[in-house]
Peer 1: 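Before I ask anything, let me first share the structure, which is written out below as structure tokens.
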2 protein chains.
Amino acid sequence: MTKKRISESTIHRLSLYLRALSVLEKESHETVSSKELAKREKLTPAQVRKDLSFFGSFGTRGLGYPVSDLKKQIASILGIDRLWKVALFGVGNIGSALVSYKEFSRQGFQIIKLFDNDQRKIGSNHKGIIISDIKDMEKELQEAQIEIAVIAVPATVAQYIVDDVVKAGIKAILNFAPINLKVPQDVYLRNENMSMELEYLSFALVNNHSQKRPKI
Amino acid sequence: MTKKRISESTIHRLSLYLRALSVLEKESHETVSSKELAKREKLTPAQVRKDLSFFGSFGTRGLGYPVSDLKKQIASILGIDRLWKVALFGVGNIGSALVSYKEFSRQGFQIIKLFDNDQRKIGSNHKGIIISDIKDMEKELQEAQIEIAVIAVPATVAQYIVDDVVKAGIKAILNFAPINLKVPQDVYLRNENMSMELEYLSFALVNNHSQKRPKI
DNA sequence: CGTCTCATGTGAAAAGGTTCACAAAAAAAT
DNA sequence: ATTTTTTTGTGAACCTTTTCACATGAGACG
Ligand SMILES: NC(=O)c1ccc[n+]([C@@H]2O[C@H](COP(=O)([O-])OP(=O)(O)OC[C@H]3O[C@@H](n4cnc5c(N)ncnc54)[C@H](O)[C@@H]3O)[C@@H](O)[C@H]2O)c1
Ligand SMILES: NC(=O)c1ccc[n+]([C@@H]2O[C@H](COP(=O)([O-])OP(=O)(O)OC[C@H]3O[C@@H](n4cnc5c(N)ncnc54)[C@H](O)[C@@H]3O)[C@@H](O)[C@H]2O)c1
């Protein structure tokens, strides 16, 4: 059996399905159709069914998908049926916001290490976590068994930090700095670029850009 | 002349070109080839040329693209050769971080209005801007001629705020709340979903997901 | 129990996006 | 002045993703 490559879009939509299923569960729905699920996330029913079909058969014909069970299944596919240990680099404006955000740990992403190079911040307690000196990164990352790094330092230093993070053995990085980071092939890197979305809005406004959305 | 629809990916890549061109300009490069531009943003030369060709011919054969000129052209295409007036809703963790971020205004996005419903925050000065009562939204949005709204309120109230924002005539919204907002066809909506990227990393880690060239 | 309705799962078709490959044009070299 | 080199711009080919459409299976109902 060949492991077919799953598209980035499909994976992102799994996150959306998960979100919708959480709401459906709170609303005490036992089952949900691909039609309803699609409607809740502005997608098409065919898209929902196709996405899920890559991973198995979770539904019942004539009935739909069992809400709680599908939610568990998708969580398992995404690998969030467990805890992930996350370290944050740069406890500044955006870094502080991320640490305060409880939703992440609720989803299994636990920020348990904070690093900075500002002497005024190092050693201080931030939301129950002592901020570590970036110099001790390698040792502390390994001791704490960190698996994911979040980069929230200025763009000018981001590459240096990432080089060290990679050296310390981290294989997954979420980057907020507006710079194209170089990482080895076996390190997963995702970028969060807010300017890009503002620029998209700007483009859409000045060009009357036709919206692409599923017609339902 | 038929206006061909430009893909979302192309628009996002324009942002990347712009970023690379800014660096090239700082490095005093007069011209740049599609090859070099591609390398700097982990894309292919053909992709760069194809993207630009949708908007015109900006290069010289045998020489490449003039850095400063191309930068101006792309800024104009994206509509950021001007100032955009932005209002922010919800001056909490993430909202505060966004207001403090100087890069936005450097790119032409000026956050000039802040709204909240917390009486302790209303009336106080935050980074030189007085926080307004959300109740006065409609009047204040129109007086300040706001064109873009950034939503940084809890997900539970985001839809209500957005409904009012739309009523006030805003046509572009950047949303940070993890919820699928309903807006009319003629309103541009972009979502910033950080959990999605963490979940992508989680998926990649547990599935040894083969890396494809980063699309964005 | 048979029929009816509903909704999944999935090949096939269609649409959309990316890469190829090359003619054309400009610059550089001889 | 001519040849060689470089690099753009772009149709065509290729590949990926989305949508279609329908057979199939499960529950509902008389
Ligand atoms: N603030 C935002 O809303 C926002 C939005 C988009 C992107 N970003 C990006 O996120 C990053 C952080 O932005 P910010 O606004 O939080 O900046 P900030 O200056 O508030 O925070 C940066 C933090 O990194 C620390 N730091 C600096 N150099 C360091 C080093 N060598 N090692 C360890 N720590 C170091 C600083 O001490 C500071 O605490 C930047 O790359 C920025 O472009 C921020
Ligand atoms: N903090 C993060 O790192 C982060 C990350 C991703 C997404 N988000 C999302 O961003 C949004 C804000 O998150 P946060 O962490 O900044 O929360 P927060 O509670 O710190 O801030 C929310 C702000 O909105 C204000 N508010 C609440 N109800 C309002 C109303 N009806 N009208 C106007 N203002 C109102 C509050 O007074 C507060 O100032 C949430 O939807 C959250 O899910 C946050």
Side-chain angles (χ1 to χ4, degrees), chain A residues 1-14 16-17 21 24 29-67 69-70 73-74 77 209-216, chain B residues 1-14 16-17 21 24 29-67 69-70 73-74 77 209-216:
Chain A
M1 188 189 129
T2 37
K3 202 156 102 183
K4 203 188 169 300
R5 191 182 184 281
I6 303 295
S7 80
E8 180 176 316
S9 318
T10 292
I11 302 166
H12 277 164
R13 282 191 299 267
L14 290 184
L16 298 182
Y17 302 148
L21 288 165
L24 284 159
H29 290 77
E30 291 275 304
T31 60
V32 64
S33 65
S34 58
K35 196 174 160 193
E36 173 65 19
L37 203 44
K39 194 180 138 220
R40 295 203 174 212
E41 293 295 341
K42 267 186 226 130
L43 301 164
T44 64
Q47 183 85 82
V48 172
R49 295 200 299 275
K50 180 62 92 177
D51 282 339
L52 296 177
S53 78
F54 293 137
F55 303 98
S57 299
F58 307 106
T60 307
R61 291 172 191 221
L63 233 190
Y65 300 93
V67 171
D69 182 57
L70 183 60
Q73 298 268 13
I74 294 180
I77 293 165
H209 195 237
S210 58
Q211 302 243 40
K212 187 181 155 187
R213 44 168 94 214
K215 52 273 179 182
I216 301 173
Chain B
M1 190 193 124
T2 37
K3 204 156 99 183
K4 202 189 169 301
R5 192 183 183 278
I6 304 295
S7 80
E8 180 175 316
S9 318
T10 292
I11 301 166
H12 277 162
R13 282 191 299 269
L14 289 184
L16 298 182
Y17 303 148
L21 288 165
L24 284 159
H29 289 76
E30 291 275 303
T31 60
V32 64
S33 64
S34 58
K35 196 175 159 191
E36 173 64 18
L37 203 44
K39 195 180 137 222
R40 296 203 175 213
E41 293 294 341
K42 267 186 226 129
L43 302 164
T44 64
Q47 182 84 83
V48 172
R49 295 200 298 277
K50 179 63 89 177
D51 283 339
L52 295 177
S53 79
F54 293 136
F55 303 97
S57 300
F58 306 106
T60 307
R61 291 168 192 224
L63 195 60
Y65 301 92
V67 171
D69 182 56
L70 183 59
Q73 298 269 11
I74 294 181
I77 293 164
H209 195 236
S210 58
Q211 300 244 41
K212 200 190 157 182
R213 137 185 3 283
K215 255 235 198 82
I216 291 168

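Order of the sequence lines sets the chain letters (A, B, ...), proteins ahead of strands, with each chain counted from 1.
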Peer 1: Please report the shortest heavy-atom distance between Phe58(B) and Pro66(B), naming the atom on each side.
Peer 2: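 Smallest interatomic distance, heavy atoms only, reads O-CD, 3.3 Å.
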
Peer 1: What is the separation between atom CZ on Arg5(A) and atom P on dC15(D), rounded to the nearest whole Å?
Peer 2: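 About 15 Å, once rounded to whole Å.
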
Peer 1: Mind checking Lys50(B) for me? I need base, sugar-phosphate or nothing, with any heavy atom below 4.0 Å counting as a touch.
Peer 2: base

Peer 1: If you only use heavy atoms from C-beta on, which nucleotide in dA26(D), dT10(D), dT8(D) is closest to the side chain of Thr60(A)?
Peer 2: dA26(D)

Peer 1: Measure from CZ on Phe55(B) to C1' on dT10(D) and round the result to the nearest Å.
Peer 2: 16 Å

Peer 1: Return whichever of Arg13(A) or Phe58(B) has its heavy-atom-nearest nucleotide of DNA chain D closer to the 5' end.
Peer 2: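 Between the two, 5'-proximity favours Phe58(B).
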
Peer 1: Say whether, by atom type as modelled, one donor and one acceptor occur between the side chain of His209(A) and the main chain of Ile6(B) under 3.5 angstrom.
Peer 2: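 Present.
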
Peer 1: Nearest whole angstrom, please: distance from the C1' of dG11(C) to the CZ of Arg49(A).
Peer 2: 13 Å

Peer 1: I need the NE2-C1' distance between His12(A) and dT17(D), as an integer number of Å.
Peer 2: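 Those two atoms, NE2 and C1', are 15 Å apart.
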
Peer 1: Quick one: is Ser34(B) getting a side-chain N or O under 4.0 Å of the dT8(D) phosphate, OP1 or OP2?
Peer 2: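 For Ser34(B), the contact criterion (side-chain N or O under 4.0 Å from OP1 or OP2 of dT8(D)) is met.
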
Peer 1: Do the side chain of Arg61(A) and the base of dT8(C) come within less than 3.5 angstrom through a donor-acceptor pair of N or O atoms?
Peer 2: yes

Peer 1: Out of curiosity, Ile77(B) CD1 to Leu52(B) CG, how far, rounded to the nearest 0.5 Å?
Peer 2: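 So the CD1 of Ile77(B) and the CG of Leu52(B) are separated by 7.5 Å.
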
Peer 1: Between Leu63(A) and Ser53(A), which residue's closest nucleotide on DNA chain C lies nearer the 5′ terminus?
Peer 2: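 It is Leu63(A), whose closest nucleotide lies nearer the 5' terminus.
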
Peer 1: I want to check one thing: is the phosphate of dT19(C), taken as OP1 and OP2, less than 4.0 Å away from some side-chain N or O of Thr44(B)?
Peer 2: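 Yes, Thr44(B) has a side-chain N/O under 4.0 Å of OP1/OP2 on dT19(C).
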
Peer 1: Between atom CD in Gln47(B) and atom C1' in dT16(D), what is the gap in whole Å?
Peer 2: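 Computing the Gln47(B):CD to dT16(D):C1' distance gives 13 Å.
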
Peer 1: At less than 4.0 Å, is any side-chain N or O atom of Tyr65(B) found next to OP1 or OP2 of dG9(D)? Yes or no.
Peer 2: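 Yes.
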
Peer 1: Atom NZ of Lys35(A) to atom C1' of dG9(C): distance rounded to whole Å?
Peer 2: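 In whole Å, dG9(C) C1' lies 18 Å from Lys35(A) NZ.
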
Peer 1: Using whole Å, what does the distance between atom P of nucleotide dT7(D) and atom NE2 of His29(B) come to?
Peer 2: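 Whole-Å distance recorded here is 13 Å.
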
Peer 1: To the nearest 0.5 Å, what is the distance between CG on Asp51(A) and OG on Ser34(A)?
Peer 2: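 The distance works out to 11.0 Å.
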
Peer 1: Of the nucleotides dT8(D), dT8(C), dT17(D), which one has an atom closest to the side chain of Ser33(A)?
Peer 2: dT8(C)

Peer 1: Expressed in angstrom and rounded to an integer, what is the separation of Phe54(B) atom CZ from dG9(D) atom C1'?
Peer 2: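 These atoms are roughly 12 Å apart.
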
Peer 1: Roughly how far apart are Gln47(B) CD and Leu37(B) CG, rounded to 0.5 Å?
Peer 2: 11.5 Å

Peer 1: Students often get this wrong, so: under 4.0 angstrom with heavy atoms, is Thr10(A) touching a base, only sugar-phosphate, or nothing?
Peer 2: nothing

